[in-house]
Amino acid sequence: MPFHTELNGIDLGMSELDLLDFLTSPDLPVAKHGLKRRDADLDPLMLAAVYSSGPQVTRNHYAHDFFPAVGDPRAEGAYDWTKWQPETTSTVGQKQQRRPRLKYVSRQEPRSQRIKREGTALDEEPKTEKHAPAATETSVQPPFPAPATSALAASPESAKPPLQVKCMARTRVPTPHGPVFLHIYHNNHDSKEHLAIVVDPAQLSETSQTFAPPIRSQSLDAVWSEDETEMDRITRGAYVGRLSQHSQIPSTPSQAKPTITTDSIPSPLIRVHSECFTGETIGSMRCDCGEQLDEAIRLISQPIALPPTSATADMTTIPGRGAVVYLRQEGRGIGLLSKIRAYNLQDLGHDTVTANLMLGHGADERGYEIAAAILHDLGLGSETGEGVRVLTNNPDKMQALTKEGIIVVERVPMVPRSWACRQHDAAHANKPAEPEMSPKRSAGATMIGGGAVYGEDLDKYLRTKVLRMGHMLPLIATGDEDED
Ligand SMILES: Nc1nc2c(ncn2[C@@H]2O[C@H](COP(=O)(O)OP(=O)(O)OP(=O)(O)O)[C@@H](O)[C@H]2O)c(=O)[nH]1
């Protein structure tokens with residue numbers, strides 16, 4: 001098969017890539033005979049499987065993602081390779097001892113067990129699951145919620161119980177942008193700890209005058225058991241005001257009841273952000289995730305100027321308010337391991353979308369049900385609470401949040417700092433400016449801090465998001481366009 005030959009030489013012919021791009025293009029032309037695009041995920045997946053496997057591996061092998069391990073096969077990388085020794089024969093005179101053989105172990109649990117876990121009858125199991133690649137989650141755990149944007153990772157949604165989220169703890173965290181309340185959420189669809197970073201410093205104020213309803217978790221402030229003590233509540237963060245040796249005031253459930261704000265106060269600014277270890281923790285400049293997280297907390301923390309009212313002659317300023325919902329769906333849902341592999345494919349010249357497809361993943365496997373449930377729990381974007389302004393360029397994210405019942409009153413674009421710099425320079429002066437990183441660096445969250453991510457890798461990544469994923473960002477000329 002020509003694909004294999006090409007892949008083994010790593011020199012993929014353009015015709016195959018063109019075909020893959022063609023099949024996965026968002027605007028695949030309708031054929032003259034009237035037949036519509038086959039939206040089956042099978043075709044790109046099959047191509048991707050053929051690309052990335054040898055002739056001995058079928059698509060079904062691929063879905064199982066066989067991995068040599070003698071340790072716990074449930075987690076990739078769980079085996080401690082330092083303990084591995086090749087099979088040896090023992091020394092003369094001793095009985096021959098066989099060391100454990102490395103064997104191929106499927107990370108996917110047996111089908112019967114999956115069906116039992118998911119409560120699905122054999123015949124009802126969706127066909128797509130067979131073709132779905134092994135998730136980077138351990139196989140014994142429930143899969144991550146089916147993505148809103150990719151049918152590739154479809155899972156039997158109907159077999160899951162209705163989604164419930166519960167805030168397990170909340171605490172004050174001082175940041176360079178001001179104090180935030182970090183909320184840890186558990187849910188009944190996956191085993192990950194998703195987070196909400198709530199910006200609402202007015203809750204720490206000692207004056208009783210508040211202009212906007214506090215952003216509080218209903219599940220945290222609820223009464224969890226009849227015998228819970230005040231100290232139980234305070235320890236989990238269900239308190240009001242500023243917690244200190246001198247102030248320990250447990251909250252009541254009514255304190256988290258959402259209230260509609262007055263029209264004069266802008267709706268809270270929120271961002272739904274997906275985990276990116278590389279961008280946020282080690283300052284990778286392949287993407288702008290670290291910068292976006294910092295920028296989101298910075299923007300949400302900006303004081304809000306209120307126009308003068310009949311009661312106040314002057315403009316009033318209130319503290320910024322809103323939240324970042326931080327979802328543990330690394331690598332657009334494919335996990336860190338696959339993202340790292342995808343980076344290597346990107347170094348070979350493929351873009352971020354094609355690299356995912358070549359690994360048998362969808363371009364974007366994320367879901368936003370949990371984010372929506374967390375927002376609802378915080379009284380944000382719900383009918384009884386407040387509408388929200390959403391920081392994003394991603395149309396899928398907007399659509400998914402709206403579909404999940406979040407009332408979005410405005411989309412606020414996230415312009416990459418380096419692009420904003422260039423636009424500003426182009427408009428104001430002729431001097432070409434590389435964004436200055438060091439002086440402002442310490443003044444931000446994440447390793448990027450207040451600096452800007454820039455470089456060829458980032459520009460390619462951002463252009464791909466605009467051109468292939470439909471991100472709502474005005475493209476600017478960078479001079480590297482021909483290299484794509
Ligand atoms: N698979 C893959 N994931 C990436 C790559 N670069 C960044 N990511 C992941 O992309 C995700 C970025 O998500 P978000 O910060 O929500 O941003 P977005 O979907 O681009 O949308 P915006 O709201 O406009 O920023 C994170 O999970 C990153 O880990 C890449 O090259 N490949």
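The first residue of the sequence shown is numbered 1, and numbering continues consecutively from there. Both ligands and their constituent atoms are indexed starting at 1 by order of listing. The figures that follow rest on heavy atoms only: side chains count, while hydrogens, waters and symmetry mates do not.
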For Asp396, which part has a heavy atom under 4.0 Å from ligand 1: side chain, backbone, both, or neither? neither
Of the protein's non-hydrogen atoms, which lies at the shortest distance from atom 15 (O) of ligand 1, and what is that distance? Arg271 NH2, 2.9 Å
If we count only N and O atoms by modelled type, under 3.5 Å, do the side chains of Glu280 and Tyr326 hold a donor and an acceptor together? yes
pair Arg286-Tyr343: side-chain heavy atoms closer than 4.5 Å: yes
With heavy atoms and a 4.0 Å threshold, my read on which part of Ser274 contacts ligand 1 is both
Does Glu410 CD have over 12 foreign heavy atoms under 6.0 Å away? yes
Salt bridge check: are Arg236 and Asp221 linked by an N-O gap of less than 4.0 Å? no
Could you list which atoms of ligand 1 come closer than 4.0 Å to a heavy atom of His471? 18 (P), 20 (O), 21 (O), 24 (O)
In the protein, what heavy atom is nearest to atom 27 (O) of ligand 1, and what distance, to one decimal place, separates them? Glu275 O, 2.8 Å
With atoms numbered from 1 as shown, which atoms in ligand 1 lie under 4.0 angstrom from a non-hydrogen atom of Gln329? 27 (O)
Which protein non-hydrogen atom lies closest to atom 16 (O) of ligand 1, naming both residue and atom, and how far is it? Lys397 NZ, 2.7 Å
With no hydrogens and no angle check, do the side chains of Asp377 and Tyr185 hold a donor and an acceptor under 3.5 Å apart? yes
Show the atoms of ligand 1 that are less than 4.0 angstrom away from any heavy atom in Ile334. 1 (N)
What do you reckon, does Lys339 put a non-hydrogen atom under 4.0 Å from ligand 1? yes
Just to confirm my output: which protein heavy-atom neighbour is closest to atom 12 (C) of ligand 1, and how far is it? Cys289 SG, 3.7 Å
Give a yes/no verdict on whether any heavy atom in Phe277 is under 4.0 Å from an atom of ligand 1. no
Quick test: of every protein heavy atom, which one is nearest to atom 7 (C) of ligand 1, and how far off is it to 0.1 Å? Tyr461 OH, 3.1 Å
Using a 4.0 Å heavy-atom threshold (strictly under), name the region of Tyr343 that reaches ligand 1: side chain, backbone, both or neither. side chain
With a cut-off of 4.0 Å, which atoms of ligand 1 are near a heavy atom of Asn393? 22 (P), 23 (O), 24 (O)
Do Lys460 and Asp351 sit within salt-bridge range, that is, some charged N less than 4.0 Å from a carboxylate O? no
Cation over ring face, Arg170 and Phe181, 6.0 Å, 45°: yes
May I ask you to identify the nearest protein heavy atom to atom 1 (N) of ligand 1, giving residue, atom name and distance to one decimal place in Å? Asn356 OD1, 3.0 Å
Suppose I only count heavy atoms of Thr352 and a 4.0 Å limit; which atoms of ligand 1 are within that range? 30 (C), 31 (O), 32 (N)
Would His186 and Glu193 count as having a side-chain donor-acceptor pair, cut-off 3.5 Å? yes
Output yes when the distance from some N or O of ligand 1 to some N or O of Gly331 is under 3.5 Å, and no in every other case. yes
So is His361 close enough to ligand 1, meaning a heavy atom under 4.0 angstrom away? no
Within the 3.5 Å criterion, strictly below it, is a donor on Thr446 or Asp294 matched to an acceptor on the partner's side chain? no
In terms of its nearest heavy atom to atom 20 (O) of ligand 1, the top option of Lys465, Arg366, Met472 is Lys465
of all protein heavy atoms, closest to atom 22 (P) of ligand 1 is Thr392 OG1, 3.4 Å
Between Lys192 and Asp190, does at least one N-O distance fall below 4.0 Å, as a salt bridge requires? no
Salt bridge check, Arg321 against Glu386: does any charged N sit closer than 4.0 Å to a carboxylate O? yes
Counting only heavy atoms closer than 4.0 Å, does ligand 1 sit against the backbone of Arg332, its side chain, both, or neither? both
For a quick check under 3.5 Å, do Thr278 and Lys339 share a side-chain donor-acceptor pair by atom type? yes
Check: His194 side chain, Gln329 main-chain N or O, donor-acceptor pair, under 3.5 Å: no
Quick check on contacts: which atoms of ligand 1 are under 4.0 angstrom from a heavy atom of Gln346? 30 (C), 31 (O), 32 (N)
